[in-house]
Amino acid sequence: MAWLFKAAGLTVLFCTCSAYGVLKSYSLKKRKKALTEIIFSMTELRDRIRTGAGELEKIIALSFGNKAVFENGAAKISCDDISLRDRELINELFSGMGMADAETECGRITLYITLTEKQCAEAEKNCAELCRLYTAFGVLCGAFLCIFFL
């Protein structure tokens, strides 16, 4: 009967380590996808500002959907899938929004699109390099710990 408890414990240990690796890999993929969506939203925002589609808050809400939150009249990004550095970059874009004419705003948004594309390329590179590594590392750690506790 003791072997049953030992086998169950080892199974739980192996599954936990494997799940950690898979979830870490999944978080990298979510960051890449979220940055891609933000770049698309920024492009929409630039096009709507260029055409003069309405008030700034309305345009931001239409472009970013539920990712943009308005606090004290300023927009902030509320996406949990991106890193703090990415979030600060997007919020920096929003901090000076509406202070200049449409052409200057379009140029500024284009600059931030370029910076965000660099972040997205970095996320894609990390995803390509680390996703399989995290998954394999979780499985191997689980197997090592199971062998260790046998």
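No experiment lies behind these values; they were computed from the predicted model shown. Side chains are part of it too, since the values below use all heavy atoms of this structure and drop only hydrogens, waters and symmetry mates.
A side chain to side chain contact (heavy atoms under 4.5 Å, CB included) with E122 is found for one member of R31, K32, E117 and no other, namely R31. Residue K30 is tested with D80, D86, D81 for a salt bridge (charged side-chain N to carboxylate O under 4.0 Å, His left out); the sole match is D81.
For the pair D47 and R50, the minimum side-chain heavy-atom distance is below 4.5 Å. Side-chain contact between L93 and T116 is absent, with no heavy-atom pair separated by less than 4.5 Å. Proximity of M42 to F64: side-chain heavy atoms (C-beta onward) are separated by under 4.5 Å at one or more points.
A salt bridge links R48 with E44: at least one charged nitrogen is closer than 4.0 Å to a carboxylate oxygen. Ion pairing between a basic and an acidic side chain is recognised when a charged N comes within 4.0 Å of a carboxylate O; R87 and E92 show no such pairing. Ion pairing between a basic and an acidic side chain is recognised when a charged N comes within 4.0 Å of a carboxylate O; E37 and K67 show such pairing.
Taken together through direct or relayed side-chain contacts under 4.5 Å among Ile, Leu, Val, Met, Phe, Trp and Tyr, F70 and F94 form part of one hydrophobic cluster. Residues L145 and V139 do not share a hydrophobic cluster, clusters being chains of Ile/Leu/Val/Met/Phe/Trp/Tyr side chains in contact below 4.5 Å. I82 and L115 fall within a single hydrophobic cluster, where Ile, Leu, Val, Met, Phe, Trp and Tyr side chains are chained together by heavy-atom contacts under 4.5 Å. Y112 and M97 fall within the same hydrophobic cluster, defined by Ile, Leu, Val, Met, Phe, Trp and Tyr side-chain heavy atoms under 4.5 Å apart, directly or through other members. Placement of I39 and L62 in two distinct hydrophobic clusters is found when ILVMFWY residues are connected by side-chain heavy-atom separations under 4.5 Å, directly or transitively.
Contact record, C120 with T36: SG-OG1, 3.5 Å, taken as the closest heavy-atom pair.
Distance alone, capped at 3.5 Å, places no donor-acceptor pair between the S78 side chain and the V69 backbone. In this structure, the side chain of N126 does not engage the main chain of L28 through any donor-acceptor pair within 3.5 Å.
Note: T104 OG1 to D101 CG = 3.5 Å, rounded to the nearest 0.5 Å. Rounding to the nearest 0.5 angstrom, the gap separating the CZ atom in R108 from the OG1 atom in T110 is 11.5 Å. For the atom pair C127 SG and K33 NZ, the distance stands at 12.5 Å (nearest 0.5 Å). The CD1 atom of I60 lies 6.0 Å from the CG atom of L45; values are rounded to the nearest 0.5 Å. How far CD1 of I113 is from CD1 of I38: 12.0 Å, rounded to the nearest 0.5 Å. Atom CG of L130 sits about 9.0 Å away from atom NZ of K24, to the nearest 0.5 Å.
Within 6.0 Å of the CG atom in N66, the count of heavy atoms belonging to other residues, nucleotides or ligands does not exceed 12. Residue E55 qualifies as open at atom CD: its count of foreign heavy atoms under 6.0 Å is 12 or below.
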Listed pairs under 3.5 Å, donor-acceptor, residues 1-22 side chains, sequence neighbours left out:
from	atom 1	to	atom 2	distance (Å)
T11	OG1	A7	O	2.7
T16	OG1	V12	O	2.7
S18	OG	F14	O	3.0

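A distance of 6.0 Å or more separates the ring centres of F144 and F149.
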